[in-house]
Structures are given as structure tokens and as C-alpha cells.
Amino acid sequence: ALLADVPHSREVRVMGTANDQPTIDRFDLQRSRYEGPTGITGVLHNACSEAGIRSAALWAAVPTYVPSSPSPKAALALIDRAARLLEVTIDTTELKFATDAYEHQVSMLVAEDDETTEYVAHLEQRYDEEPDRFTDSESLVDEVERYLRDQD
């Protein structure tokens, strides 16, 4: 997951990166442009590259205002994307129920705080007015890379 300025009440955007052109082309991913320490994902990508193994990473954008809560909604989006990439079917029925409960609980918590309610309304408006900003994987790649740089 990637903490981002996204509303919990909208579709979770998933983006993917890879380091080799065949994988990028086959799965419609973006080339990873980040250089430097990236944590375990970077270590695994590097090890795979050195071993001649293609690798890819998927990221789901989750709301910054729910940073410590697991997001079944993001997990569902990642599983759906991975299943499409791998051309397999995965039963996600239970995760869909958990996603509905998660969205309801977060909505209830947001409603308890006027400042958060305004913030989420602003994010929803931006999401609805600028859908390309949230669907453009290059923008999400930039956000992932900005997040990784900030971890140093």
C-alpha cells in the first residue's frame, strides 16, 4: 500500500512497476525510475534482475487519514489486479464483505470529525473532477517514488 491523498469512498487505484521492458509491455506497467534504497521491494527487484528473473510490484493507494488500519479494500484491489495479470480466478467473497465493513467504519469515523469530513469531501471532489490524476499510473509512480525518498 501507498499512503496517498485519496478518499476511502472511491475506487482504490492500483499501479505497477517493473524493471524490464517485456514485463512492462506485457502487463501494462510503468518503468521504475527510482534509484536508491527502497526497502525489501527494491532488494527483491535487484536480486531478481541479477538472477535474470523478471519481477514487478503492485501498489495500492490508501488514504493518508487512515494510516495504521489494514485496508481490505486495498487488498481486494491488489488481488483483483494480480489475478488479472496472472490470468487466474480468486474467490474474494469474504474480502468483499470486509471491504464493505471497512468503508462503513471509516465513513463513521470521518463523520465524527468536521475537519476530516471537509478534507475527505475535498478529496472526493478532486477525485471526481480530475479522474486522470488518480488513474494515471505515472502520477502514482511519482507518488510512490516521492514516498520512498521521504523514508530516507
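Values reported hereafter were calculated over all heavy atoms of this structure, with side chains retained and with hydrogens, waters and symmetry mates removed. From a predicted model like this one, the values you see are computed outputs, not experimental measurements.
The backbone N or O of V110 lies less than 3.5 Å from a partner atom in the side chain of T117, making a donor-acceptor pair.
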Should R13 and Y127 be marked as a side-chain contact (heavy atoms from CB on, under 4.5 Å) after you check the CA-CA gap, both sets of side-chain angles, and the distance that decides it?
CA-CA 11 Å; R13 302 300 183 187; Y127 187 100; 2.7 Å; yes
As a quick check of understanding, evaluate side-chain contact (heavy atoms from CB on, under 4.5 Å) for R126 and D5, giving each step before the final call.
CA-CA 10 Å; R126 253 184 46 207; D5 290 330; 4.2 Å; yes
Determine, step by step, whether L3 and V62 satisfy the side-chain contact (heavy atoms from CB on, under 4.5 Å) criterion, reporting the C-alpha distance in whole Å, the side-chain angles of both residues, the deciding distance to 0.1 Å, and the verdict.
CA-CA 5 Å; L3 292 176; V62 296; 3.8 Å; yes
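Rounding to the nearest 0.5 Å gives a distance of 11.5 Å between CG of D20 and CD1 of I53. Taking NE2 from H104 and CG from L109, the interatomic distance works out to 10.0 Å, rounded to the nearest 0.5 Å. Once rounded to the nearest 0.5 Å, the distance linking CD1 of I24 with CZ of R54 reads 10.5 Å. Summarising the geometry, atom CG belonging to L58 is positioned 11.0 Å from atom CD1 belonging to I79; distances are rounded to the nearest 0.5 Å.
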Identify each donor-acceptor pair in which a side-chain atom of residues 70-78 lies under 3.5 Å from a protein atom, sequence neighbours left out, and give them as a table.
residue: S71; atom: OG; partner: A74; partner atom: N; Å: 3.0
residue: K73; atom: NZ; partner: H8; partner atom: O; Å: 2.6
residue: K73; atom: NZ; partner: R10; partner atom: O; Å: 2.9
residue: K73; atom: NZ; partner: E103; partner atom: OE1; Å: 2.9

Distance-only check: which donor-acceptor pairs under 3.5 Å involve side-chain atoms of residues 89-96, not counting sequence neighbours?
residue: D91; atom: OD1; partner: T93; partner atom: N; Å: 3.0
residue: D91; atom: OD1; partner: T93; partner atom: OG1; Å: 2.6

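When all heavy atoms of R81 and V14 are compared, the closest pair comes out as NH1-O, 3.4 Å. Y102 approaches P63 most closely through the heavy-atom pair OH-CD, 4.1 Å. The two residues Y65 and V120 have their closest heavy-atom pair at CZ-CG2, 3.4 Å. S55 and A18 get closest at one heavy-atom pair: O-CB, 3.4 Å.
Under the side chain to side chain contact (heavy atoms under 4.5 Å, CB included) rule, Q21 has a single partner from N19, T23, D25, which is D25.
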